[in-house]
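One structure below.
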Amino acid sequence: MKMPLLVSHLLLISLTSCLGDFTWHRRYGHGVSEEDKGFGPIFEEQPINTIYPEESLEGKVSLNCRARASPFPVYKWRMNNGDVDLTNDRYSMVGGNLVINNPDKQKDAGVYYCLASNNYGMVRSTEATLSFGYLDPFPPEERPEVKVKEGKGMVLLCDPPYHFPDDLSYRWLLNEFPVFITMDKRRFVSQTNGNLYIANVESSDRGNYSCFVSSPSITKSVFSKFIPLIPIPERTTKPYPADIVVQFKDIYTMMGQNVTLECFALGNPVPDIRWRKVLEPMPSTAEISTSGAVLKIFNIQLEDEGLYECEAENIRGKDKHQARIYVQAFPEWVEHINDTEVDIGSDLYWPCIATGKPIPTIRWLKNGYSYHKGELRLYDVTFENAGMYQCIAENAYGSIYANAELKILALAPTFEMNPMKKKILAAKGGRVIIECKPKAAPKPKFSWSKGTEWLVNSSRILIWEDGSLEINNITRNDGGIYTCFAENNRGKANSTGTLVITNPTRIILAPINADITVGENATMQCAASFDPALDLTFVWSFNGYVIDFNKEITHIHYQRNFMLDANGELLIRNAQLKHAGRYTCTAQTIVDNSSASADLVVRDPPIIEGNMESAKAVDLIPWMEYEFRVVATNTLGTGEPSIPSNRIKTDGAAPNVAPSDVGGGGGTNRELTITWAPLSREYHYGNNFGYIVAFKPFDGEEWKKVTVTNPDTGRYVHKDETMTPSTAFQVKVKAFNNKGDGPYSLVAVINSAQDAPSEAPTEVGVKVLSSSEISVHWKHVLEKIVESYQIRYWAGHDKEAAAHRVQVTSQEYSARLENLLPDTQYFIEVGACNSAGCGPSSDVIETFTRKAPPSQPPRIISSVRSGSRYIITWDHVVALSNESTVTGYKILYRPDGQHDGKLFSTHKHSIEVPIPRDGEYVVEVRAHSDGGDGVVSQVKISGVSTLSSSLLSLLLPSLGFLVYSEF
């Protein structure tokens with residue numbers, strides 16, 4: 001009966017192992033296994049608002065949509081919440097892009113969005129509006145002449161024709177094209193309505209005027225019929241007071257945008273115009289035009305909201321006008337969702353928080369369809385909860401999307417990716433936490449053993465909910481081998497590590513309190529005992545902040561003594577009042593640490609007579625807390641100091657230190673990147689600390705200024721589509737707080753972002769490595785501005801717009817493309833890139849991947865022990881018609897539980913391997929072909945005598961009934 005019991009036991013183990021390795025296969029809307037490497041669509045390009053000129057000769061318009069996904073995504077489009085009929089000849093798809101042929105305003109104007117999906121779910125793009133732009137001609141009727149007395153003000157009306165969008169720019173022609181009038185303090189062209197205003201007419205104004213209107217959106221310009229202007233001479237021109245005729249209105253604008261206010265007055269003499277923000281200082285980014293008629297506020301912020309006033313004045317009188325700027329804000333993420341994996345049966349709170357003005361509302365899409373509003377919490381998740389989710393934050397001014405995939409995991413515990421540490425160190429008398437973090441879903445139950453002893457919770461030992469083992473008040477007896485066991489309803493696993501006990505780290509010579517006078521030196525002693533097998537380091541902190549001995553300014557006052565072993569003595573030289581405080585020495589190893597502290601008092605007393613009851617302390621640091629003590633002295637000596645006073649914080653002051661390391665450059669095309677070293681907190685000197693960044697072209701006269709309110713940032717990026725690439729700029733930075741501005745830094749010269757490369761790589765070639773890998777090589781371009789190379793590739797059955805991308809550094813001459821489809825046509829091109837973008841691509845190379853490797857694993861037919869070796873035999877693998885021919889076999893001989901081992905190659909159907917000296921070994925066999933390696937088969941062997949699989953195959957038929965009865 002022993003033999004049947006043994007056979008049935010082996011079969012039971014085999015079946016249990018199979019069940020434990022069982023994984024859920026991913027279907028749309030269901031969970032995933034740990035081996036699943038695919039992912040849902042991630043947008044790389046989304047449609048944007050597009051204006052199509054009605055008079056365009058191009059005859060088509062494209063709305064772009066591209067997503068990265070594995071497997072490749074499928075695209076569809078919707079317009080005004082209805083499906084776009086792609087069977088209509090007017091519509092076509094290029095990759096994910098929608099191309100509309102012969103666009104028609106009545107049929108095609110509307111709101112579009114793109115849907116990208118694969119078997120992991122579906123995501124919806126941001127919405128984009130397709131509009132039709134136009135600019136009608138001016139009416140053909142002649143315009144009447146205008147007669148005005150010299151010295152009087154006047155306005156010529158533009159009256160622009162019907163148009164869309166409302167982004168016109170205005171100029172006025174004088175007599176003929178292209179002679180445009182120049183604006184000055186006397187003449188002004190409003191960019192709001194296009195009218196020409198002249199504060200007081202002179203005889204030189206005689207001529208014919210035409211309003212010239214341009215629409216940048218459709219690149220079209222028209223001009224009106226000429227208006228004759230005839231000044232009427234006056235013997236004497238009479239002065240008259242300022243009269244504001246161009247008035248700005250209350251305006252709602254978005255944070256970060258540029259705002260323009262216009263104010264122009266008629267009057268004789270020409271009035272002067274002044275601007276102010278009522279009851280508040282003008283924004284630091286505000287600029288006033290030379291004529292004074294235009295106030296521009298760049299990069300407007302919420303604090304710039306308020307009431308603005310312009311005042312026009314001449315010798316005869318003044319006029320004022322006020323209106324309010326309301327600053328609103330697009331939604332901006334405070335916290336958004338990211339791809340998430342959760343265990344089946346668990347709960348999920350997915351925070352999605354946005355700020356804006358007004359405060360945005362939150363709504364959710366799942367797989368492209370409306371799903372929820374507000375906060376999202378899922379309880380006891382199932383496979384049905386898996387999919388692509390989108391959180392949308394929106395207010396009256398716009399919306400932002402955050403996309404993420406939710407995968408539901410279900411698998412037996414495994415330590416393969418995160419085994420326990422083989423060696424864990426802990427100090428005697430201390431505390432240790434041994435982590436146990438298998439991959440498992442649902443969450444497993446944990447248990448621990450030390451050697452053969454099961455561990456339970458006690459006053460010293462605690463098994464955490466996450467599986468970690470905590471041991472307190474460690475003794476030498478706690479050293480040994482610990483095993484963590486994890487089990488859920490899908491299987492179980494364990495992992496083992498050894499706990500080694502070290503001597504504790506102890507401060508044996510602690511720093512002591514010191515009392516010195518300004519300019520003197522002080523020594524803080526610190527020595528420690530520690531385990532000689534470990535390395536010891538000392539860390540000093542001052543008032544809770546670690547002292548950085550690598551900073552140059554630190555060396556002036558702080559010095560370490562490295563001459564003594566196990567000693568961290570600190571020397572404070574030429575001490576100042578700011579060095580008074582608490583100093584803490586921490587002696588640390590990789591296992592534990594020990595700390596001790598002492599107070600340093602630095603005195604700089606005024607000369608105080610014995611009958612004085614007050615004194616003034618000077619040269620203190622602004623916005624700093626101080627304590628004071630009083631000490632009495634006479635000819636007999638010095639008495640005890642008083643108890644410390646209450647902590648007193650000095651008033652704030654404007655910063656007196658300029659930011660250092662000002663520089664920058666680079667970035668994306670049409671950008672100017674400015675960087676600096678942020679000032680440490682001790683130099684903030686007050687609340688509302690920030691930076692003012694000023695910059696101008698190298699030969700420019702006017703500085704542009706922007707305010708950066710984050711005190712910890714050291715970077716600002718200015719975007720300007722009119723900026724010339726690689727242009728030199730002068731930049732400087734200063735700090736400010738609620739008390740005022742500090743000094744500017746030294747001026748640095750940097751360059752705006754460069755242009756993308758203009759050359760394409762040459763001599764591009766490919767080498768097919770397998771059914772899923774191709775190596776690409778090329779010759780470098782000669783331009784110095786190249787920072788990287790981008791390889792674009794796409795399968796023959798896909799459109800070019802769906803191309804994948806691989807980026808490598810500019811030093812590389814080749815790249816490997818992986819995870820390709822077998823026996824598939826691919827197109828490949830290479831381009832040179834930098835921070836401004838990528839240049840032209842090389843010629844397209846066509847190639848084919850090899851057929852797939854054999855899909856059938858070798859069937860191991862025997863594992864026979866022969867002397868000191870095992871002989872492993874398997875059947876020959878025959879490739880299918882769509883697979884690469886077998887050229888040999890690869891055999892990996894490795895210890896069980898490890899990935900690495902010894903690799904053999906053979907053309908035979910058997911191999912001999914040595915008998916393991918200890919433990920079990922795994923022999924993996926797989927077929928090899930030009931298309932790569934095939935599916936693996938494996939068998940376990942050990943040094944203990946076991947039944948061979950060939951013997952089992954002989955016994956099983958006769959023992960089938962016994963085996964069945966055992967189950």
Side-chain angles (χ1 to χ4, degrees), residues 256-258 283-285 287 296-301 550-553 655 657-680 683 689-736 741-761 780-790 805 807-812 831-840:
Q257 292 186 344
N258 301 333
S284 60
T285 59
E287 291 185 2
K296 285 189 176 182
I297 305 174
F298 296 91
N299 189 28
I300 196 165
Q301 300 298 307
N550 293 321
K551 284 189 176 180
E552 185 175 348
I553 192 172
V657 176
S660 60
D661 298 333
V662 176
T668 304
N669 197 16
R670 304 298 188 263
E671 286 185 353
L672 179 68
T673 302
I674 303 168
T675 60
W676 62 93
L679 293 179
S680 59
Y683 296 110
F689 182 86
Y691 300 96
I692 294 175
V693 182
F695 54 96
K696 66 175 183 177
F698 187 82
D699 297 325
E701 296 182 0
E702 294 188 12
W703 291 89
K704 284 190 176 180
K705 302 180 183 69
V706 294
T707 302
V708 179
T709 57
N710 183 351
D712 300 318
T713 193
R715 186 172 185 266
Y716 170 74
V717 179
H718 176 70
K719 297 183 179 181
D720 185 350
E721 292 301 321
T722 64
M723 188 184 303
T724 305
S726 300
T727 300
F729 278 79
Q730 297 186 57
V731 298
K732 58 185 180 180
V733 183
K734 67 179 177 180
F736 71 90
D741 297 352
Y744 270 114
S745 66
L746 296 176
V747 174
V749 178
I750 63 174
N751 289 325
S752 60
Q754 56 200 356
D755 258 338
S758 59
E759 296 181 33
H780 282 188
V781 301
L782 299 178
E783 294 175 281
K784 296 181 179 179
I785 60 174
V786 175
E787 297 173 357
S788 64
Y789 287 91
Q790 177 178 269
R805 292 166 170 79
Q807 203 98 3
V808 298
T809 66
S810 60
Q811 286 76 40
E812 301 291 338
C833 307
N834 58 24
S835 59
C838 294

Would one find more than 12 heavy atoms of other residues, nucleotides or ligands at under 6.0 Å from atom NZ of Lys296?
no
Would you give the length of the straight line joining atom OG of Ser284 to atom NZ of Lys704, rounded to the nearest 0.5 angstrom?
14.0 Å
Could you tell me whether the side chain of Thr713 reaches within less than 4.5 Å of the side chain of Val708, counting heavy atoms only?
yes
Any luck finding a side-chain donor-acceptor pair between Ser788 and Gln807 under 3.5 Å?
yes
Shortest non-hydrogen contact from Ala658 to Leu679?
O-CD2, 3.9 Å
In short, Tyr789 meets Thr809 closest at the heavy-atom pair CD1-O, 4.0 Å
Kindly say whether Leu672 contributes a backbone atom to a donor-acceptor pair with the side chain of Ser752 at under 3.5 angstrom?
no
Quick check: does any side chain N or O of Gln730 sit under 3.5 Å from a backbone N or O of Phe698, one acting as donor and the other as acceptor?
yes
Do Glu287 and Glu702 touch side chain to side chain, with heavy atoms closer than 4.5 Å?
yes
Exercise: identify the closest heavy-atom pair between Pro757 and Pro840:
O-CD, 3.4 Å
Please report the shortest heavy-atom distance between Val786 and Ala832, naming the atom on each side.
CG2-CB, 3.9 Å
Side-chain contact, heavy-atom cut-off 4.5 Å: Phe298 with Ile300?
no
I want to check something: taking the side chain as every heavy atom from C-beta on, are Thr285 and Thr707 in contact at a cut-off of under 4.5 Å?
yes
With a 4.5 Å cut-off on side-chain heavy atoms, are Val781 and Pro761 touching?
yes
Side chains of Val662 and Leu746: does their closest heavy-atom pair fall under 4.5 Å?
no
Nearest atoms (heavy-atom pairs only) where Pro659 meets Ala735
CD-N, 4.1 Å
Short side-chain to backbone donor-acceptor contact, Tyr691 and Pro711, under 3.5 Å:
yes
Test log, rule side chain to side chain contact (heavy atoms under 4.5 Å, CB included), inputs Phe729 and Val749:
CA-CA 6 Å; Phe729 278 79; Val749 178; over 6 Å; no
Just so I know, are the side chains of Gln754 and Asn834 near enough to count as touching, which here means a heavy-atom distance under 4.5 Å?
yes
If I take atom CH2 from residue Trp676 and atom CG from residue Asp661, how far apart are they, to the nearest 0.5 angstrom?
12.5 Å
Decide side chain to side chain contact (heavy atoms under 4.5 Å, CB included) for Asp741 and Ile692; before the verdict, give the C-alpha distance in whole Å, the side-chain angles of both, and the deciding distance to 0.1 Å.
CA-CA 9 Å; Asp741 297 352; Ile692 294 175; 3.7 Å; yes
To check you understand the geometry: which heavy-atom pair defines the closest contact between Tyr744 and Ala694, and what is its length?
OH-CB, 3.8 Å
Pi-cation contact, Trp703 with Lys732 (under 6.0 Å, within 45°):
yes
Evaluate the side-chain proximity of Leu782 to Glu759: yes if any heavy-atom separation is below 4.5 Å, no if none is.
yes
For the residue pair His718 and Phe695, categorise the inter-ring angle as parallel (less than 30°), tilted (30 to 60°) or perpendicular (more than 60°).
tilted
Spatial distance of atom CD1 (Ile750) from atom OG1 (Thr727) [nearest 0.5 Å]:
11.5 Å
